[in-house]
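Scroll down for the structure; my scribbles are underneath it.
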Amino acid sequence: MLNQELAKIFFEMSLLLEMKEVAFKPRAYENAAHTLEALEEDVKDIYKREGLKGLDAIPAVGKGIARDIEDFIRTGRIKEYERLKKKIPVDVAGLSSIEGVGPKLIKTLYNTLKIRKVSDLERAAHKGKLRDLPRMGEKLEAKILKGIEFLKTSHGRMLLGEARPIALMILGRLKKVKSVEDAKLAGSVRRWQETIGDLDFLVIAENPKEVIRTFTSMPEVAHIYSTGKTKTMVRLRAGIDADLRILPKESFGAAIQYFTGSKDHNVALRKSAIKKGFKLNEYGLYRGKKLVAGIDEKDIYKKLGLDWMSPEMRTNTGEIEAAQKHKLPNLIEYGALKGDLQTQTNWTDGANSIEEMAMEAKKMGHEYILITDHTKSLAMTGGADEKKLLRQMKEIDRLNKKMSGIMILKGAEVNIMKDGSLDISDSVLSQLDIVGASIHSHFTMPEKEQTARLIRAIENPHVDIIFHPTGRSLMKREPIRLDFDGVFRVAKKTRTILEINAHPRRLDLNGELVRKAKEYGVKFAISTDAHAVSELHYLDYGIAQARRGWATKNDIINAWPLTTLKTFLKKER
DNA sequence: GCCGTTTTCGGCCCGACTGTTTTCAGTCG
């Protein structure tokens with residue numbers, strides 16, 4: 001899909017233009033990048049069908065950018081982009097991914113210190129060269145070093161939300177190869193891990209050569225590391241490695257088990273196998289030299305006296321013990337949710353109208369959708385004040401009369417201020433169906449203050465859900481510091497729901513915290529934080545986190561009937 | 001460069017915060 005590649009280029013162009021201090025164009029390119037990121041149909045298909053006119057019809061894409069896209073489809077290059085790159089030969093995408101580094105600073109860094117990439121910047125910071133630049137000091141120098149450190153720890157990894165679609169596309173392609181009997185995805189993608197280091201494909205095939213040829217000649221392949229009879233490793237253009245293994249049928253289940261991991265889970269599993277007099281490896285479960293199980297993954301667990309467990313749970317944090325006692329939880333199922341509880345519209349920073357979001361939700365089979373636009377202290381999003389919220393409520397009433405098959409609920413993503421107060425008056429909050437509240441600033445407060453701040457918001461009688469409770473941004477920003485025991489205790493007491501945010505950049509709460517919160521009896525909402533109709537489909541990423549946290553249907557409020565949910569939330573306290 | 005229920009030209013989300021300064025530039029979302 002070209003959309004993602006183009007989005008990256010346009011985003012880079014917006015940064016380059018901003019460095020050149022060109023007015024307004026940066027925003028135009030940035031908007032186009034966002035639209036393409038969320039666009040469901042491949043621009044190539046649109047172009048094939050409707051030409052330049054079709055491209056022009058894409059929101060945020062006009063004549064100029066349509067021509068850029070055409071350029072890219074035809075030649076794989078964009079002239080304007082290459083012209084900019086030539087003038088400013090700097091890795092702006094890499095540098096700007098460091099928290100606290102933006103286009104202006106990148107420009108100064110290049111002009112004064114000839115810094116072109118992250119490693120240059122790191123060296124300069126270590127030498128204490130940054131502090132002497134205009135408007136810089138020791139603190140900012142240290143902040144940049146910390147930002148680089150953080151980036152490094154997540155280096156070479158990719159968000160699940162980016163990696164999974166690529167993996168599924170390649171899997172589909174492998175399955176179509178004639179001699180392929182079966183093809184499966186293993187590794188961290190199968191476990192729905194938050195970030196992905198590489199993609200693992202396992203295949204049974206009569207003619208391995210044909211499969212390997214298909215795999216290595218895919219357009220996505222940038223570099224072939226090695227290619228043999230049973231194993232091939234490549235680097236994809238998207239910036240991630242992919243491994244393909246061809247396996248004999250009798251070992252397929254064992255291989256899937258082995259390559260799914262996690263490593264810790266497998267070590268524990270092998271130990272338990274040894275204890276019971278078996279040997280377990282990627283080719284099968286053996287008693288002496290005799291193959292006891294191998295074709296079917298479930299069979300391997302069964303022979304070891306264990307219930308089969310879902311890959312999301314394989315973290316070696318008690319799942320093997322629970323499987324042995326037949327006490328694994330009955331996990332919430334994919335597709336079990338009845339509605340989305342966090343969505344933004346074009347009333348603030350979303351791309352689509354309330355009606356468009358509701359239509360898509362209906363198409364997905366949802367019973368309801370909660371509209372939760374930002375509030376006024378998030379000014380850059382056009383956050384709603386009381387008046388605007390009241391107007392939006394009227395609009396929702398109008399739409400509910402007009403539409404059938406979906407209920408639009410009135411909500412908001414109310415901003416939690418530094419002191420834990422909210423930026424919308426109680427009298428307006430009380431008129432909303434469901435109120436979400438979340439933190440968008442002061443991420444670095446000490447644990448004690450941050451905890452007190454969040455607890456104050458949780459204790460507000462109007463707040464039903466805390467959205468993305470830790471505020472983390474995967475591979476970019478750390479979670480805020482919280483005393484989770486304290487937070488979970490108060491959330492339970494006040495019947496305040498914690499969100500499992502399904503946005504691939506957030507996944508917040510994560511599985512580990514879900515499991516901990518669940519022990520306190522906290523209930524959860526799984527919601528997408530969708531800013532466009534296409535993002536409403538993120539729900540599965542949240543469900544995966546819930547499953548890793550051992551959550552059942554009973555723990556997830558939007559898996560319940562709407563009436564049950566509403567009764568539960570009525571917390572006149 | 002994009003966009004239009006005031007506009008095909010003339011606008012273009014803007015407030016809070018931080019670390020630098022001693023009035024503000026840069027970044028964030």
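Throughout, a chain's letter reflects where its sequence line sits, starting with A, and its residues are numbered from 1. Remember, predicted model here, so these are calculated numbers, not experimental data.
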Q. Taking the same atom, C1', in dT20(B) and in dA25(B), what whole-Å distance lies between them?
A. 9 Å
(Q) Between dG11(B) and dA16(B), how many Å separate the two C1' atoms, rounded to a whole number? (A) 25 Å
Q | Rounded distance in Å between the C1' positions of dC14(B) and dC28(B) | A | 12 Å
Q: List the protein contact pattern of nucleotides 15-25 of chain B with one symbol per nucleotide (5' to 3'): B for base contact, S for sugar-phosphate-only contact, - for none; contact means a heavy-atom distance under 4.0 Å.
A: S-SSBB---BS
**Q.** C1' atoms of dT18(B) and dT23(B), separation to the nearest Å
**A.** 15 Å
Q. Where the side chain of Ala60(A) is defined as all heavy atoms beyond and including C-beta, which of dC13(B), dC3(B), dT27(B) is the nearest nucleotide?
A. dC3(B)
Q | Rounded interatomic separation in angstrom, taking CG from Leu378(A) and C1' from dT27(B) | A | 15 Å
(Q) Measuring only the P atom in each nucleotide, how far is dG15(B) from dG10(B)? A whole number of Å is fine. (A) 26 Å
(Q) If I take atom CG in residue Asn346(A) and atom P in nucleotide dC13(B), what distance separates them, rounded to the nearest angstrom? (A) 15 Å
Q: In whole angstrom, give me the gap between the P atoms of dG1(B) and dT6(B).
A: 28 Å
Q: Take atom CE of Met13(A) and atom C1' of dC2(B), then tell me their distance rounded to the nearest Å.
A: 14 Å
Q) Separation of Asp373(A) atom CG from dC13(B) atom P, in whole Å? A) 17 Å
Q.
What's Val61(A) touching, base or sugar-phosphate or nothing? Going by heavy atoms closer than 4.0 Å.
A. sugar-phosphate
Q: Pick base, sugar-phosphate or nothing for Pro103(A), based on heavy-atom distances below 4.0 Å to the nucleic acid.
A: sugar-phosphate
Q. Given Glu194(A), which of Arg472(A), Arg157(A), Arg164(A), Arg548(A) fulfils the salt bridge (Lys or Arg N to Asp or Glu O under 4.0 Å) condition?
A. Arg472(A)
Q. If you measure from the P atom in dC13(B) to the same atom in dG4(B), how many Å do you get, rounded?
A. 14 Å
Q | Which residues share a side-chain contact (heavy atoms from CB on, under 4.5 Å) with Ala517(A), sequence neighbours left out | A | Phe488(A), Val522(A), Phe524(A)
Q: Rounded to whole angstrom, note down the P distance from dT21(B) over to dG26(B).
A: 13 Å
Q: Would you mind reading off the distance between Lys146(A) atom NZ and dT27(B) atom P, rounded to a whole angstrom?
A: 19 Å
Q: Give the rounded distance in Å between these two atoms: CD of Glu21(A) and P of dC12(B).
A: 20 Å
**Q.** Integer-rounded Å distance: dT27(B) P and Glu99(A) CD
**A.** 12 Å
Q.
Do Leu95(A) and Val92(A) make a side-chain contact, defined as non-hydrogen atoms from C-beta onward lying under 4.5 Å apart?
A. no
Q. Does the ring of Phe24(A) lie flat against the base of dC12(B), closer than 5.5 Å centre to centre with planes under 30°?
A. yes
Q.
Between Lys117(A) and Asp120(A) (salt bridge meaning N to carboxylate O under 4.0 Å), is one present in this structure?
A. yes
(Q) So, using ring pair (Phe, Tyr, Trp, His ring centres under 6.0 Å) as the criterion, who are the partners of Phe10(A) when residues are at least two apart? (A) Tyr29(A)
What donor-acceptor contacts under 3.5 angstrom involve side-chain atoms of residues 20-27 of chain A, with partners at least two apart or in another chain?
residue: Glu21(A); atom: OE2; partner: Lys107(A); partner atom: NZ; Å: 3.2
residue: Arg27(A); atom: NE; partner: Glu30(A); partner atom: OE1; Å: 3.4

(Q) Over 60° means perpendicular and under 30° means parallel, so tell me whether His440(A) and His374(A) are parallel, tilted or perpendicular. (A) perpendicular
Q. What is the distance from atom CG of Leu133(A) to atom CG of Leu113(A), rounded to the nearest 0.5 Å?
A. 5.0 Å
Q. How does DNA chain B read in dot-bracket, base by base from 5' to 3', with Watson-Crick or G-U pairs under 3.5 Å and | used when the partner is on another strand?
A. ((((....))))..(((((....))))).
Q: Sort and list the pairs that fulfil side chain to side chain donor-acceptor pair (under 3.5 Å) and have at least one residue in residues 532-541 of chain A, not counting sequence neighbours.
A: Glu360(A)-His537(A)
Q) dG1(B) P sits how many Å from Ile78(A) CD1, rounded? A) 13 Å
